Asks: 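First the structure, then my questions, so here it is.
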Amino acid sequence: MINTFFRLLKLLKKRSGILYILGFFGFIIVGTYRQVFLALVLKNVFDTVVIGSIEKLIVCVLKSLGIIALLSFIQSSLMYLMRRMVVHIIGDLRKDIFLKIENLPIKYFKNRHSGNLISRMTNDIKVVERALSNTIFYLVYLSICAVAVTVFMFFLDFWLAVIALVTGVIAIIFNAILAKPLRVISKKIQERLGDLTGILSDLLAGITVIKVFNLYKNMASKFANINRQVYHDSLKKVKTTAILDSLNVLGKMLDTIGVVGVGSYFVFKGKVSIGTIIAIWQLKNPILNFFNRLSNLIAEIQIALAGAERIFEVMDESEEPKKYQHLEVKIIPNLDKAIIFENVDFGYLPNQWVLKNLSFEVKKGKKVALVGASGEGKSTIFKLLMGFYPPDKGTIIVDGLSLASTELSEIRKKIAYVPQNAYLFNGTIMENIRYGKVDATEEEIIRAAKIANAHDFITSFENGYHTLVGERGAQLSGGQRQRIAIARAVLKDAPILLLDEATSALDAESEYLVQEALDRLAEGRTTLIIAHRLSTIKNVDEILVIDGGYVKERGTHEELMAIEQGIYRTLYKQQYKVLRDVKVS
Ligand code: ADP
Ligand code: MG
């Protein structure tokens with residue numbers, strides 16, 4: 001916790017933290033002085049009234065007003081100075097986290113829920129911002145102010161100060177005890193409201209299920225139950241608040257009567273002036289304020305520190321390296337090979353191999369299919385090719401570049417990748433295609449869309465290429481999304497193409513259009529295909545059957561079908577049988 005706190009303060013160093021510190025302590029000094037000054041003014045004014053000199057009174061009031069106005073102005077400027085720095089610091093922090101997240105390795109994202117990172121970017125930053133611009137500041141300000149004011153109070157009159165403090169503290173304790181039941185109820189209501197939100201979001205997200213299964217009554221009675229509890233608790237809260245308010249007023253009265261009552265007696269005895277009573281009464285405010293807010297401030301700082309800790313946790317994650325320097329560089333003659341795997345071992349977890357001693361090669365311009373049961377590591381091979389994970393052992397070469405000696409960004413330039421559900425970003429169709437090549441002209445984009453069988457459906461939209469996709473935009477079918485992704489890959493124009501079940505999620509008609517687009521995209525490129533439906537890869541140059549972490553069978557469709565008890569033959573027959581059964585029934 002303490003470390004986090006100092007690290008939080010260190011953020012100030014990046015921007016000129018000196019301005020923050022100037023604003024911070026400047027405000028504290030001026031603010032404390034203003035409190036004391038205000039009390040002195042009140043004392044003077046009332047003492048002057050008692051003497052009965054009207055001219056003196058006017059001069060005193062005007063002068064004091066001027067000085068207080070000036071102090072307030074200086075105070076606000078210092079506060080501005082401080083908060084301005086915080087805005088800069090938080091802006092920097094937000095940028096740093098974004099860059100950090102962009103550069104984290106894929107592994108990091110696989111093990112976490114994305115909501116978690118998003119909450120770090122939003123909520124946690126917000127509480128840290130609040131801590132820097134408010135909480136830490138007020139904690140220091142209010143404590144210094146309270147101490148200074150107390151000292152000054154004793155300086156004005158010892159016994160009156162003692163009475164003011166004692167009655168003040170009693171009032172605060174009174175208040176704290178009374179506030180507890182209220183807090184308990186409020187918390188309960190808050191939790192129940194959370195439950196209500198949960199049911200509501202279930203209702204919205206699951207409306208089709210609710211309709212189909214006729215769950216109206218269930219949901220409604222669940223909702224009504226909790227709602228009734230909220231209703232009862234809220235009534236209880238209103239009642240408690242009313243009682244507490246009246247008791248609170250009593251507490252405050254006690255407090256006032258203490259100072260004013262005893263003070264008047266002192267005045268009567270000629271020990272203090274009326275002005276002194278008023279001054280002490282005024283000085284009590286910052287002290288009470290401090291005690292009243294102390295527990296909240298401390299709780300807020302704890303929340304902020306926890307938030308800061310989560311942010312720093314992300315900042316401390318190690319980034320994806322520029323290249324996998326730790327791998328052993330091995331020279332392999334690769335005159336006409338686009339892809340080489342040699343004796344590759346890989347597992348996501350230590351000692352749990354997904355790929356074991358895997359070796360294969362793909363010649364330039366050839367089409368090779370990877371086949372195997374689900375979970376055998378086909379997609380993993382793609383991830384290794386794209387450098388998302390380093391292999392534990394062995395050599396990987398992509399278009400003549402060794403993964404061990406080339407920057408990952410260079411390797412990735414060589415590869416176009418179309419997964420099962422390609423992601424489209426928020427923005428227009430045009431922008432989404434352009435991500436394949438950021439400086440592409442409009443003509444290039446349209447040409448790519450034509451190759452990808454996407455041009456026709458895009459132009460059929462009212463806004464054509466400027467139609468928005470993603471959450472805020474048009475509802476595209478799976479096949480249309482795939483074709484936009486293919487256009488993106490066309491534009492990238494990489495020598496190696498990786499297709500990971502790119503048509504598996506599509507219906508027959510869009511599958512045809514997407515398949516045609518993929519065939520065009522694959523022309524003249526080295527292509528590795530992972531296909532769910534074996535009928536789509538009959539014509540590839542070679543089929544590799546992955547089983548148990550390495551290549552178990554290899555050959556053309558005909559060659560593999562000729563192997564009795566072969567894995568490929570079995571898989572193929574299974575699919576064929578399913579197809580035939582479907583047709584018969
Ligand atoms: P395929 O594409 O052949 O169906 P994958 O390459 O996706 O198989 O997965 C191979 C194995 O690795 C599976 O057992 C899977 O559960 C596991 N696996 C895949 N991704 C991860 C990951 N990020 N972390 C841990 N295990 C994983
Ligand atoms: Mg897969």
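Just so you know, these numbers come straight off a predicted model, no measurement behind them. Read the numbers this way: they start at 1 and go in the same order the structure lists the ligands and their atoms.
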Asks: Any sub-3.5 Å donor-acceptor pair from Glu319's side-chain atoms to Lys100's backbone N or O?
Replies: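 No, the answer is negative, given that no donor and acceptor are paired below the 3.5 Å cut-off.
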Asks: Does some non-hydrogen atom of Gly372 fall short of 4.0 Å from ligand 1?
Replies: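 It does not; every heavy atom stays at 4.0 Å or beyond.
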Asks: Which atoms from ligand 1 have a heavy atom of Lys383 less than 4.0 Å away?
Replies: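 The list of qualifying atoms is 20 (N).
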Asks: Drop me the distance from Tyr389's OH to Ile106's CD1, to the nearest 0.5 angstrom.
Replies: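 Those atoms lie 6.5 Å apart.
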Asks: Does the Glu309 side chain pair with the main chain of Thr4, one donor and one acceptor, at a distance under 3.5 Å?
Replies: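 Not confirmed, Glu309 side chain does not pair with Thr4 backbone.
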Asks: Around atom 4 (O) of ligand 1, find the nearest protein heavy atom and jot down its residue, atom name and distance.
Replies: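 Answer, as residue, atom name and distance: Gly375 N, 2.7 Å.
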Asks: Return yes if some donor-acceptor pair links the side-chain N/O of Arg412 with the main-chain N/O of Gly387 below 3.5 Å, else return no.
Replies: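 Confirmed, Arg412 side chain pairs with Gly387 backbone.
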Asks: Report, in ascending order of atom number, the atoms of ligand 1 lying under 4.0 Å from any heavy atom of Tyr389.
Replies: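 Result: 23 (N).
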Asks: Give a yes or no on whether Ser379 keeps an N, O or S atom under 2.8 Å from the Mg ion (ligand 2).
Replies: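 Given the 2.8 Å cut-off, Ser379 counts as a ligand of the Mg ion (ligand 2).
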Asks: Does Lys378, backbone or side chain, put an N or O under 3.5 Å from an N or O of ligand 1?
Replies: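 Min N/O separation from ligand 1 is below 3.5 Å for Lys378.
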Asks: Among all protein heavy atoms in this structure, tell me which lies nearest to atom 26 (N) of ligand 1, with the distance rounded to 0.1 Å.
Replies: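 Checked against all protein heavy atoms, atom 26 (N) of ligand 1 sits closest to Tyr348 CD1, 3.3 Å.
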Asks: Can you confirm whether or not the ring centre of His557 sits under 6.0 Å from the ring centre of Tyr568?
Replies: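 Yes, the ring of His557 comes within the 6.0 Å limit of the ring of Tyr568, centre to centre.
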Asks: Show me which atoms of ligand 1 lie under 4.0 Å from any heavy atom of Ser374.
Replies: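 By the 4.0 Å cutoff, the relevant atoms are 4 (O).
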Asks: May I ask you to identify, for Lys107, whether its side chain, its backbone, both or neither come under 4.0 Å of ligand 1 on a heavy-atom basis?
Replies: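 The answer is neither; Lys107 stays 4.0 Å or more away.
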Asks: Using heavy atoms and a threshold below 4.0 Å, how should the contact between Val354 and ligand 1 be classified: side chain, backbone, both, or neither?
Replies: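 For Val354, only side-chain atoms sit under 4.0 Å from ligand 1.
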Asks: Under a 4.0 Å heavy-atom limit, does Phe109 contact ligand 1 with its side chain, its backbone, both, or neither?
Replies: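 No part of Phe109 comes within reach of ligand 1.
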Asks: Atoms of ligand 1 less than 4.0 Å from Thr380 heavy atoms?
Replies: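 Listed by number with element, the hits are 5 (P), 6 (O), 9 (O), 10 (C).
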Asks: Strictly by modelled atom types, are Thr380 and Tyr348 linked by a side-chain donor-acceptor pair under 3.5 Å?
Replies: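 The criterion, which ignores hydrogens and geometry beyond distance, is satisfied for Tyr348 and Thr380.
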Asks: Quiz question: by atom type and distance under 3.5 Å, do the side chains of Tyr417 and Lys492 form a donor-acceptor pair?
Replies: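 The answer is no; no qualifying pair exists.
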Asks: Determine whether the side chains of Arg488 and Asn432 contain a donor N or O and an acceptor N or O closer than 3.5 Å.
Replies: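 The criterion, which ignores hydrogens and geometry beyond distance, is satisfied for Asn432 and Arg488.
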Asks: May I ask you to check if Arg7 and Phe312 form a cation-pi contact, with NZ or CZ under 6.0 angstrom from the six-membered ring centre and within 45° of the axis?
Replies: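 Verdict for Phe312: a cation-pi partner in Arg7.
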Asks: Report the member of Gly549, Gly347, Ala373, Gly377 with the shortest heavy-atom distance to atom 8 (O) of ligand 1.
Replies: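 The option holding the nearest heavy atom is Gly377.
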Asks: I want to check something: taking the side chain as every heavy atom from C-beta on, are Glu542 and Arg554 in contact at a cut-off of under 4.5 Å?
Replies: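 Yes, at least one pair of side-chain atoms sits under 4.5 Å.
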Asks: So, for atom 15 (C) of ligand 1, does the protein have a heavy atom nearer than 4.0 Å?
Replies: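 Answer no: nothing from the protein, no heavy atom, is under 4.0 Å.
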Asks: What protein heavy atom is closest to atom 7 (O) of ligand 1, reported as residue, atom name and distance in Å?
Replies: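 Ranking protein heavy atoms by distance from atom 7 (O) of ligand 1, first comes Ser379 CB, 3.7 Å.
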